[in-house]
Every structure is written in C-alpha cells, then in structure tokens.
> 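Dropping the structure in here first, questions after.
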2 protein chains.
Amino acid sequence: MTSPSTFPTVLRELLRTHQTFLAYAASHVHTLDLTLPQFDIIITLGNTTGMTFKKLGEETLITKGTLTGVISRLEDKGLVQRLASETDGRSQIVRLTPAGEAVYESTFNEHLDFIDQIFNDYSPEEVVTLEAALLRLRKAVTTARCNGSGELANGITGWCAKVQDVCKHGVVE
Amino acid sequence: MTSPSTFPTVLRELLRTHQTFLAYAASHVHTLDLTLPQFDIIITLGNTTGMTFKKLGEETLITKGTLTGVISRLEDKGLVQRLASETDGRSQIVRLTPAGEAVYESTFNEHLDFIDQIFNDYSPEEVVTLEAALLRLRKAVTTARCNGSGELANGITGWCAKVQDVCKHGVVE
DNA sequence: CCTATATGGTTCTAACTAGAACTATATAGT
DNA sequence: ACTATATAGTTCTAGTTAGAACCATATAGG
C-alpha cells in the first residue's frame with residue numbers, strides 16, 4: 001500500500017465529521033434539556049414496551065457501566081422507569097413513563113427533520129453509498145483488530161480467539 | 001427528499017465506525033500506558049519545537065477546557081513541558097521533553113503501521129474517495145448548522161450570524 | 001493615552017466514557 | 001442435586017467532554 005500518510009488524514013476526517021455531527025445534533029437536543037445519550041435512550045425506547053439494559057446497550061452503543069448512570073438521570077427527570085423482569089431475576093426492563101412518551105411523540109419527527117437537513121444536497125443513492133462506505137470501514141477496522149491485535153495482544157484468551165475464529169468464517173455482527 | 005428513515009441509519013453507522021476505530025486505536029495506545037488524547041498530543045508535538053494551547057487545540061480537536069487537564073497529566077508523566085511565550089504574555093508553549101521525544105520516535109511508525117492495517121484491502125483511490133465523502137458530510141453538517149440552527153437558535157448573536165455569513169460566501173475553516 | 005472588546009489559558013461543572021471488579025442469578029455439565 | 005461457568009446490572013475508577021465564567025494580556029478604536 002503506497003502513500004501511507006493518507007491514512008491518518010482519512011481517520012482524522014472521521015473524527016472531525018463525528019465531532020461536527022455530535023455538536024450539530026446536541027444543539028437541538030439541548031433545547032429539550034437533555035444530553036445526547038439521554039435523548040438516544042428515549043428515541044430507542046419510543047414505541048416499544050420497554051427494553052433490558054443489555055438490549056439498550058446494544059441498540060445505543062452506550063457501554064453498560066455508563067448506561068446505569070444515564071438511566072438513573074432519566075429516572076430522576078421522570079422520563080423512564082425500571083421494572084423487574086418477570087423471566088430473569090438478574091434483569092430489569094426500562095420503559096418510558098407517560099412523560100417520556102410525550103417527549104418522544106413531540107420531538108422524534110422534529111429531530112428527524114433536523115437531521116434530514118444535513119442531506120438536503122444528497123440524492124438517496126448518495127446516502128446509501130455513504131452508509132456502505134462507512135460500514136466497509138467499520139468492518140475493515142474490525143478485521144484489523146482481529147488480525148493485527150493477534151500480534152499485539154498475544155496471550156489474550158477467550159474473546160479475542162473467539163472473534164478471530166468468527167472473523168475467519170466471515171460472520172461479523 | 002425521500003426515504004428519510006435512511007438518514008438516521010447512516011449517522012448511526014458514522015457513530016459505530018467512529019467508536020470501533022477509537023477502540024482499535026486505543027488497544028495499541030494503551031500498551032504505551034497512554035490514553036488516546038494524550039497520545040494525540042504527543043503525535044501532534046512530535047518533530048516540532050512546541051505549540052501553543054490554541055494551536056494544539058486546533059490540531060487535535062480537544063477543546064481548551066479539556067486540553068489544560070490533558071497537558072497537566074502529560075506533564076505529570078514527564079512527557080511534556082510548558083514554557084512561557086516570548087511574544088504573548090497570555091500564551092504558553094507546550095513542548096515534548098526528551099522522554100516525550102523518545103516515546104514519539106519509538107512509537108510513531110509503529111502506530112502508523114498499526115493504523116495502516118485497516119486499509120489492507122483498500123486501493124489508494126478508495127482511501128481518497130472515502131476521505132472526500134467524509135469531508136463532504138462534515139461540510140453538509142456545518143451547512144445544516146448554519147441554516148437550520150438559524151431557526152432553532154434564533155436570537156443567538158455574534159458567532160452564529162458570523163458563521164452564517166461566512167458560509168454564504170463559501171469560506172469554511 | 002484611554003476605553004472597549006477580544007483572546008489565551010485556567011477553573012469549574014455536570015455528564016459521559018470505558019473498563020475492571022463485584023454480586024446475584026441463570027445455565028451448563030456431571 | 002451439585003458444582004463450575006457465564007451473564008445482567010451495579011459500583012468504582014481515571015480520564016475525558018464541552019462549555020461557561022473568570023483573569024490577565026493583547027488589540028482596536030477614538
């Protein structure tokens with residue numbers, strides 16, 4: 001592979017674009033007196049009967065150590081409630097309260113419109129192409145992690161070995 | 001614009017890709033007993049005579065409130081030092097110490113190789129195309145922020161009005 | 001020279017990030 | 001039935017994030 005100096009710049013661009021998008025999205029969400037992770041939870045729970053922490057973590061990319069705190073602060077705001085799972089003593093179900101549902105109903109479409117504005121000059125095909133490019137990059141990073149980290153992470157058992165095996169067989173998330 | 005449900009998914013993909021990349025980069029940087037922002041500072045200062053906080057903030061995307069703390073922790077680790085600016089009483093110059101230079105010299109190429117592995121299956125043209133796509137998205141977000149936020153952020157003076165004016169004339173960063 | 005405004009860096013704040021370690025519960029295996 | 005292992009969620013930790021407010025200094029304008 002030639003021109004290695006290009007690579008840091010494309011990843012720098014990924015970081016810049018991500019940061020710019022977060023700032024944009026936050027500018028709207030802050031008008032609701034919510035943070036981005038809090039709003040993400042509300043959007044994820046909207047139109048559902050509730051979710052476990054595990055499921056919420058999967059849907060929102062918030063790691064479980066962090067999720068407990070975010071849910072607590074939403075509880076404090078009266079927007080979600082926790083219910084013990086009927087089927088698993090370890091689990092709890094997080095569900096929007098009526099107030100939370102109201103926030104969801106009144107802001108979801110507004111937020112979609114807000115986000116839509118980013119793509120005013122994109123055709124639908126261009127959006128699909130962009131998403132595919134990002135997915136390809138994510139898979140490339142995941143692949144690199146499995147391969148390269150074998151060398152750097154020698155000795156790590158369990159997770160890494162299992163994922164390497166999964167990667168070899170082409171099954172990724 | 002049709003198919004609005006595509007948009008949240010492309011941005012979700014941006015967030016996933018970003019998070020996956022950070023985790024990948026961190027797995028290497030953690031072997032150096034550094035965090036990503038700390039390593040970013042060292043990489044940015046490498047092969048320079050030092051930089052002001054302002055310049056460092058611009059190069060690394062770390063906001064100034066955060067930067068003070070990151071620099072302090074690097075000072076504690078003996079990897080950087082601060083020097084008063086000779087030309088501006090408000091400014092300080094941050095420079096790598098000999099120990100910091102040694103970390104930079106021994107790890108920069110190693111990290112580049114680590115990052116290179118992401119692009120094993122990319123041609124140089126594909127990398128350039130990806131970077132252009134990300135830049136376009138970032139500009140689209142910046143444009144949306146200038147336009148749409150006029151509505152949501154009515155009444156905000158100074159910054160927003162100025163940036164809107166700059167955007168209209170096509171001069172962005 | 002003086003005043004007003006802007007800027008560089010610091011301090012402070014609430015919230016978040018990413019794990020590791022822990023406890024209670026579930027599941028697998030004998 | 002019992003033991004070993006895995007899992008869901010909590011607690012804890014160090015570090016980071018993004019601003020706002022502040023102070024000292026620089027610059028612009030009259």
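The sequence lines fix the lettering, A, B, ..., with proteins before strands; numbering per chain opens at 1.
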> Quick one: label A:Thr66 by what it contacts on the DNA or RNA (base, sugar-phosphate, nothing), any heavy atom closer than 4.0 Å.
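Base contact.
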> Any idea which of C:dT10, D:dT17, D:dT10 is nearest the A:Phe53 side chain?
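Shortest atom-to-atom distance from the side chain points to D:dT10.
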> Counting only side-chain nitrogens and oxygens, does B:Gln19 get under 4.0 Å of the OP1 or OP2 atom of C:dT17?
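False: B:Gln19 side-chain N/O out of range (4.0 Å or more) of C:dT17 OP1/OP2.
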> Specify the separation, in whole Å, of atom CG of A:Asp88 and atom P of D:dT7.
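Atom-to-atom, A:Asp88 to D:dT7, this comes out as 12 Å.
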> Does a side-chain N or O from A:Gln92 land closer than 4.0 Å to OP1 or OP2 of D:dT10, or not?
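It does, given that an N or O in the side chain of A:Gln92 lies less than 4.0 Å from OP1 or OP2 of D:dT10.
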> Side chain of A:Ser91 only, heavy atoms from C-beta on: which candidate in C:dC16, C:dG9, D:dA8 is closest?
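Out of C:dC16, C:dG9, D:dA8, the nucleotide with an atom closest to A:Ser91's side chain is D:dA8.
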> Would you call the rings of A:Phe119 and A:Tyr122 parallel, tilted or perpendicular, taking 30° and 60° as the class edges?
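Ring orientation of A:Phe119 relative to A:Tyr122: perpendicular.
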> Compare side-chain N and O positions of A:Arg90 against OP1 and OP2 of D:dT10 and report whether any pair is under 4.0 Å apart.
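Answer no for this pair, as no side-chain N or O of A:Arg90 is under 4.0 Å from OP1 or OP2.
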> Over all strands shown, is B:Thr35 touching base, sugar-phosphate only, or nothing at heavy-atom distances under 4.0 angstrom?
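It contacts sugar-phosphate atoms only.
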> With a 4.0 Å cut-off on heavy atoms, is A:Thr52 in touch with a base, just the backbone sugar-phosphate, or nothing at all?
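Contact class for A:Thr52: sugar-phosphate only.
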> What is the nucleic acid contact for B:Gly65, judged by heavy atoms within less than 4.0 Å: base, sugar-phosphate only, or nothing?
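Counting heavy atoms under 4.0 Å across all strands, the contact made by B:Gly65 includes a base.
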> So what does B:Thr63 touch, heavy atoms closer than 4.0 Å: a base, only the sugar-phosphate, or nothing?
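Base, at least one base heavy atom under 4.0 Å.
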> Is there side-chain contact between B:Ile43 and B:Thr60, with heavy atoms separated by less than 4.5 Å?
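Not touching, per the 4.5 Å side-chain cut-off.
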> Does C:dG8 have OP1 or OP2 sitting under 4.0 Å from an N or O in the side chain of B:Lys54?
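Yes, B:Lys54 has a side-chain N/O under 4.0 Å of OP1/OP2 on C:dG8.
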> I'd like to know if B:Glu131 and A:Arg12 make a salt bridge, using a cut-off of under 4.0 Å between side-chain N and carboxylate O.
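No salt bridge links B:Glu131 with A:Arg12.
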> For C:dG9, take OP1 and OP2 only and decide whether either is under 4.0 Å from a side-chain N or O of B:Arg82.
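It does not, given that no N or O in the side chain of B:Arg82 lies less than 4.0 Å from OP1 or OP2 of C:dG9.
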> Once you round it to whole Å, what is the distance between C1' of C:dG19 and CG of B:Leu36?
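Checked: the CG to C1' distance equals 14 Å.
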> With the side chain counted from C-beta on, respond yes when B:Leu137 and B:Leu14 share a heavy-atom pair under 4.5 Å apart, and no when they do not.
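They are in contact (side-chain heavy atoms under 4.5 Å apart), so the answer is yes.
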